[in-house]
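So the structure is just underneath, and the comments pick up after that.
In what follows, chains carry the letters A, B, and so on, assigned in the order in which the sequence lines appear, proteins first and then strands, with residues in each chain numbered from 1.
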Amino acid sequence: MKLNTNSNTYTIIYAAVVVVVVAFLLAFVSEVLKAPSEANERIDKKKQILASLNIRDVDNQQVESEYDKVIVADCVIDSQGEVVDAGTDKDQTGFLMGSKDITPDRLPLYVCNVDGAKKYVIPLFGKGLWGAIWGYLALNDDCNTVYGAYFGHQSETAGLGARITDLDFQEQFKDKSVMNADGTVGLKVVKKGQVKDDAHECDGISGATLTMDGVSAMFSESIAPYRAYLEANN
Amino acid sequence: MNKLFSKENKAVFLAPLNIDNPILVQILGICSALAVTSQLEPAIVMGLSVTVITGFSNVIISLIRKTIPNRIRIIIQLVVVAALVTIVSMLLKAFAYDVSVQLSVYVGLIITNCILMGRLEAFAMMNGPWESFLDGIGNGLGYAFILVIVGAVRELLGSGSLLGFKLIPDSLYANGYSDNGMMTMPAMALIIVGCVIWVHRSLNKEEKK
């Protein structure tokens, strides 16, 4: 029997079957791969936090143990500077918060111990030119000078904005001060070669002005709610 | 076995590498060729992923080509490509997380690559699975090859490095050499592709009808 592949009934049934088959296939694959991909995401996030503490190039197998050693707590604080959740059981409270879970009443903060010195890591979320950018900023125990920084991006232009992941870009934030004397966030990126205020400003990447503006905006928006806590603890 | 690698099949595989190159001759896939070639590494990775996906989507479409209703064939092709790309990206995320982070948006971009739809429509709809597979791999490699050329030129002249390794010595910079920032802009990619097409056409004058 020769099927009439041009009839309306055939077309509709064919489309319906294809859609259902593909939907089941995708759902099945996604369900099967859920556990390994979530584990990978968790390791990746830990790796980024460690990178902001200048612990880079850790082997994937060692990330979890290294993280356990360095991070003391992933607490949740509020914008008044009060600790809402001490988060001493690690990976449970602050760690699980994505950019959408952050409100002035719930701000994740990682308390770390690097070779005996206390450090704080603040997660940053912002918008670049094409998509989301994010980062982690590690502060010394004076809650003001930068110990290290890590940036990541979703889809910035390769060779331009995407270079925020480069080590030389991230390293220049070391030892900068986050806050201005009046308590506002002073840390920012300026056009390459136009750094006037050496304590707060870093060189940008030429050709990536919009991504750089995004990085500066990310600093001021993400760090500002932590002000009360940082001032109380320095 | 002989039939698998007959003269015609060899031609199907080899033509897209040179005289029927998707970018240079068919002018397909230009958009992504401009977007991902400011450095060599993403260009290579994008080229390889497109090769794999054209190969397999060609096979799938070729297998079901006789059952596809003519009026919705483009939609069916798109569904197959999108499903394949999504599965590949999920597999990467589970088993090669670092690669998937590096590829990030490029994986999604593969769906919109004109080479895929072009080859499905022009070849896989009319040919058997094996020929379609060869055609897909051939076109993917032809595409990858141009991406690598453009990526290498742009990274070398634009940032003085290849695959992230600095190639141009500091002494040259000290003597007044500077990287050409224009090279990192998409516009230069178009001009480089234009130059490659020019060279390619002059070399292949006789083979043109």
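- Residue contact with chain B, scored on non-hydrogen atoms closer than 4.5 Å, involves the backbone and the side chain of A:L26 alike.
- Within a 6.0 Å radius of CG in A:D198, other residues, nucleotides and ligands contribute 12 heavy atoms or fewer.
- Shown here is B:F56, whose CZ atom has no more than 12 heavy atoms of other residues, nucleotides or ligands within 6.0 Å.
- Interface residues of residues 205-224 of chain A toward chain B, defined by a heavy-atom distance below 4.5 Å: none.
- At most 12 non-hydrogen atoms from other residues, nucleotides or ligands lie less than 6.0 angstrom from CZ of B:F145.
- Contacts from residues 28-50 of chain A to chain B, taken as heavy-atom pairs separated by less than 4.5 Å, involve A:V29, A:S30, A:L33, A:P36, A:S37, A:N40, A:E41, A:D44, A:K47 in sequence order.
- Scanning residues 76-86 of chain B against chain A with a 4.5 Å heavy-atom cutoff picks out B:I76, B:V79, B:A83, B:T86, ordered by number.
- Going from atom OH of A:Y14 over to atom CD1 of B:I68 covers 4.5 Å, rounded to the nearest 0.5 Å.
- Contacts between residues 161-175 of chain A and chain B, defined by a heavy-atom separation under 4.5 Å, are made by no residue at all.
- Residue-environment remark: CG (A:D59) exceeds the threshold of 12 foreign heavy atoms within 6.0 Å.
- More than 12 non-hydrogen atoms from other residues, nucleotides or ligands lie less than 6.0 angstrom from NZ of A:K176.
- A donor-acceptor pair is defined here as one N or O able to donate and one able to accept, closer than 3.5 Å; such a pair exists between the side chain of B:R71 and the backbone of A:N6.
- Contact annotation for B:T67: both backbone and side-chain heavy atoms come within less than 4.5 Å of a heavy atom of chain A.
- Proximity to chain A is absent for every atom of B:I75, based on heavy atoms less than 4.5 angstrom apart.
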